[in-house]
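Data block below; observations after.
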Amino acid sequence: MADYNAPLKDMKLTLNHVARMPELAQKPGFEDASADMVDAILEEAARVARDVVGPTNVEGDQQGVQLKDGTVICPESFKGAYQQYAEGGWGSLQFDPEYGGQGLPFLLSVPVMEMWHSANMAWGLCPMLSQGAVECLDLNGSDELKAKYLPQLVSGEWTGTMNLTESNAGSDLSVVRAKAEPEGDHYRISGEKIFITWGDHEMAENIIHLVLARLPDAPPGVRGISLFLVPKFMVNEDGSLGERNSAGPLSVEHKMGIHASATCVMGFDNAIGYLVGEPNRGLACMFTMMNNARLSVGLQGVSISERAYQQALEYAFERIQGPAVGTREAGPIIRHADVRRMLMTMKTLTEAGRAIAYDACGSLDFAVKAESDEEKAVEQARAALLTPIVKGWCTEIAQEVTSLGVQIHGGMGYIEETGAAQHYRDARILPIYEGTNGIQALDLVGRKTLMDKGEALAALIAEMRESLKRCDASLTSLAKPVEEAVAGLESARELLLKGAETDELLPGSIAYNFMMLAGYVCGGWQLLRQADAAVRLTAEGDDDPYLQAKQESARFYMAQVLPRWKGFSEMLNDGSQSIMALPEELFASAWQ
Ligand SMILES: Cc1cc2nc3c(=O)[nH]c(=O)nc-3n(C[C@H](O)[C@H](O)[C@H](O)COP(=O)(O)OP(=O)(O)OC[C@H]3O[C@@H](n4cnc5c(N)ncnc54)[C@H](O)[C@@H]3O)c2cc1C
């Protein structure tokens, strides 16, 4: 497998010219996020990702995890990598200094997270879930819980998990059955959770599980679910670890990919837990964690796409096959037009996804630092609208990108030893967990568009048009297709708002196509912004070839990827009748 090298130039251009990092660094409290500091952090993270985490990827895939005597054993190299991660303070970048965090913008942690997931996605899931747990506890926990658990979670000494799913409750959490009985100052939690990522391991001293369960008098449905903190080991008043709690893994799943991420069936047998937030408000509390996780999963789509691209590119330079048109001698396959088409599709989808993801994450920081309620609401709505696009679109494109990675390797792509197949297998989980992409699409059309009568989407479209106006004159030929695509997105918005008034089945029927359309348009817009930045930097005297490459990325995307929006737009006109009117027997009519 090719080594992973963080695409630092693209990350920095995206931070600075898309996600508004320099503006963020002017905000009170973020003064430390100077350009020099950002560079230093990214460069050191790139080194750790390449030299420490990256080399664990293949071993992890081959060894997987095992459950032995009630404990999950992960590959030997994972523990050392995790120790270096924790000791380097990598998990604390964006958190509150009161709990040992470094108080830096969340946005700065985003490229760093991207690097961990590119280096080893299965491993990166552990820090990712811990970060979600910190956010959830920070926003919803009592002062006492925060003081007792946050410092070690922030430092990475302990890790966190998210226990939502049960065998009967996946997309529909309203039917969660785990129970919580009050007992003195705590609760007794009983039940079984499935598919819990890093539900157990030995990389850290303790694991803090955040668990959804029902109180005895809870009303049915989502309004009767509460959130509990359940430690693996009890924590004494002085912070030392006490007895093992009766919460632990019952088995580990054998999966198609991310073999080294422990996916556990978890048993809670009268385990001691503590209420987080208000009773019956558990799902709302968990939503902070889920929103963070949705952006992170979208980012994983970018990460695995980047890794697959680097792998395919290396192979395209090494693999010698027949002469390309215009030459007589055999040469590397990168000389063939179709291989170049595949590489550029991989590269530009990845770059577009990165820009959409970073931009959405930046809005979360701007919301926190907003100077007025109005500004806060605008940034929050922007991030909320972009979240299902980041999760849905970036993980859908990861399927295509990792599949192209296999294709570029030809037969060797289908053989495990090149590593291309691992990226493809690892990426397959992304459209499923953290709310399937079907659920993301429904979120985009429902909560994020119909609920505010399309206001946030109208604001995003207006923002896109502003970018078009400001774009350098030399980019007119690239701006034109974006302008047309933005108009297509506007028509889709109108179709949704109007159609939903008379046809309640329409939003669900068009949701996926709507999400994909929005993703491709956002990608075109972001690549145009980046190309514009590249033109300006070049004019200022920066002669880095990367800036030329960025303009070529935008050109390729506008010509060969962006036009896909038209297909999705046409499919919206199919409405709800053709799918929803189908009798269920018809699906199997060919053999029944
Ligand atoms: C490797 C892995 C790791 C995971 N990690 C965690 C974890 O750490 N914590 C945790 O709590 N869970 C975790 N999960 C669970 C994961 O979030 C769920 O699998 C996911 O939410 C889907 O639920 P489900 O599997 O029950 O599928 P279902 O809900 O049964 O969905 C099946 C299909 O029906 C569709 N569908 C269902 N309902 C609707 C609807 N209302 N509208 C439209 N389509 C619908 C879905 O899109 C999907 O295509 C993990 C799962 C895996 C495989």
Side-chain angles (χ1 to χ4, degrees), residues 60-61 64-65 72 117 121-133 136 159-178 191-201 207-213 222 225 227-228 230 247 249 251-266 268 282-283 285-287 289-294 296-297 300 304 388 391-392 395-396 399 425-447 504-505 507-515 576 579-580:
D61 184 56
V65 293
V72 171
H117 292 308
M121 200 176 102
W123 179 92
L125 276 161
C126 191
M128 180 185 125
L129 280 152
S130 299
Q131 297 202 1
C136 181
T159 66
T161 70
M162 174 159 123
N163 288 247
L164 286 68
T165 307
E166 297 178 8
S167 56
N168 60 317
S171 300
D172 180 11
L173 290 169
S174 68
V175 290
V176 156
R177 284 195 293 230
E192 206 171 280
K193 297 281 176 182
I194 64 166
F195 297 157
I196 303 309
T197 299
W198 286 107
D200 194 60
H201 57 86
I207 304 175
I208 308 304
H209 305 293
L210 292 178
V211 186
L212 289 182
V222 284
I225 301 173
L227 180 63
F228 299 88
V230 182
S251 61
V252 285
E253 305 292 356
H254 297 280
K255 307 190 294 295
M256 173 180 183
I258 53 167
H259 290 158
S261 166
T263 306
C264 302
V265 174
M266 296 290 293
F268 296 87
L283 211 54
C285 297
M286 204 56 138
F287 250 104
M289 188 164 174
M290 278 154 67
N291 275 332
N292 173 309
R294 284 175 177 182
S296 301
V297 172
Q300 285 185 312
I304 197 83
K391 199 287 175 175
T395 62
E396 290 293 324
Q399 308 311 304
R425 288 186 286 99
D426 284 354
R428 191 58 190 88
I429 184 59
L430 300 173
I432 298 173
Y433 62 21
E434 253 341 290
T436 63
N437 283 359
I439 300 291
Q440 301 305 317
L442 287 176
D443 182 44
L444 178 65
V445 295
R447 290 170 66 90
E504 64 169 356
L505 296 176
S509 307
I510 66 169
Y512 179 82
N513 292 330
F514 190 92
M515 178 182 81
S576 71
I579 308 183
M580 297 312 286

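All values below were derived from every heavy atom in this structure, side-chain atoms included, with hydrogens, water molecules and symmetry-related copies excluded. As the structure lists them, so they are numbered: ligands from 1, and atoms in each ligand from 1.
The distance criterion of under 3.5 Å between nitrogen or oxygen atoms is met by M162 with respect to ligand 1. The N/O atoms of L129, backbone and side chain alike, include none that comes under 3.5 Å of an N/O atom in ligand 1. Looking at ligand 1, you'll find an N or O of T197 within less than 3.5 Å of one of its N or O atoms. Considering backbone and side-chain atoms alike, Y433 places every N or O at 3.5 Å or more from each N or O of ligand 1.
Contact detail for V297 and L430: the closest heavy-atom pair is CG1-O, 3.7 Å. For the residue pair W198 and T161, the shortest heavy atom distance occurs at O-CG2, 3.4 Å. Minimum heavy-atom separation, Y433 to I258: CE2-CD1, 4.3 Å. Considering all non-hydrogen atoms of both residues, A133 and G160 come closest at CB-CA, 4.0 Å.
Applying the 4.0 Å criterion to heavy atoms of L442 picks out, from ligand 1, the atoms 42 (N), 43 (C). Of all atoms in ligand 1, numbered sequentially from 1 with element shown, those under 4.0 Å from a heavy atom of K255 are 1 (C). Within ligand 1, the atoms closer than 4.0 Å to a non-hydrogen atom of I429 are 1 (C), 2 (C), 52 (C), 53 (C), numbered from 1 in the order shown.
To the nearest 0.5 Å, atom CD1 of residue I194 and atom CD of residue E253 are 7.0 Å apart. Here the straight-line distance linking atom CZ of R425 with atom CD1 of I304 works out to 10.0 Å at 0.5 Å rounding. With values rounded to the nearest 0.5 angstrom, L129 atom CG is found 11.5 Å from C136 atom SG. Atoms CD and CD, on E192 and E166 in that order, are 9.0 Å from each other to the nearest 0.5 Å. T395 OG1 to R428 CZ: the interatomic distance, rounded to the nearest 0.5 Å, is 9.0 Å.
Of the protein's heavy atoms, T165 OG1, 2.7 Å lies nearest to atom 12 (N) of ligand 1. Here the protein heavy atom with the shortest distance to atom 24 (P) of ligand 1 is G170 CA, 4.0 Å. Among protein heavy atoms, atom 49 (O) of ligand 1 sits closest to T436 CG2, 4.6 Å. The closest protein non-hydrogen atom to atom 13 (C) of ligand 1 is F195 O, 3.1 Å. Among all non-hydrogen protein atoms, the one lying nearest atom 44 (N) of ligand 1 is I439 CD1, 4.5 Å. Protein heavy atom closest to atom 17 (O) of ligand 1, with residue, atom name and distance, is E434 N, 3.6 Å. Of the protein's non-hydrogen atoms, I432 O, 3.7 Å is the one closest to atom 20 (C) of ligand 1. Nearest protein heavy-atom contact of atom 31 (O) of ligand 1 is S171 OG, 3.8 Å.
Here N437 has no heavy atoms under 4.0 Å from ligand 1, in either its backbone or its side chain.
Distances from atom 15 (C) of ligand 1 to the protein include at least one heavy-atom value under 4.0 Å. Atom 52 (C) of ligand 1 is flagged as protein-proximal [any protein heavy atom, distance under 4.0 Å]. The presence of a protein heavy atom under 4.0 Å from atom 10 (C) of ligand 1 is confirmed. Taking a distance limit of 4.0 Å, we find that atom 34 (O) of ligand 1 is approached by no protein heavy atom.
The side-chain contact (heavy atoms from CB on, under 4.5 Å) with L283 is formed by just one residue from the set L173, L227, V176; it is L173.
T159 places a side-chain heavy atom less than 4.5 Å from the side chain of H201. No side-chain heavy atom of P388 sits less than 4.5 Å from a side-chain heavy atom of R294.
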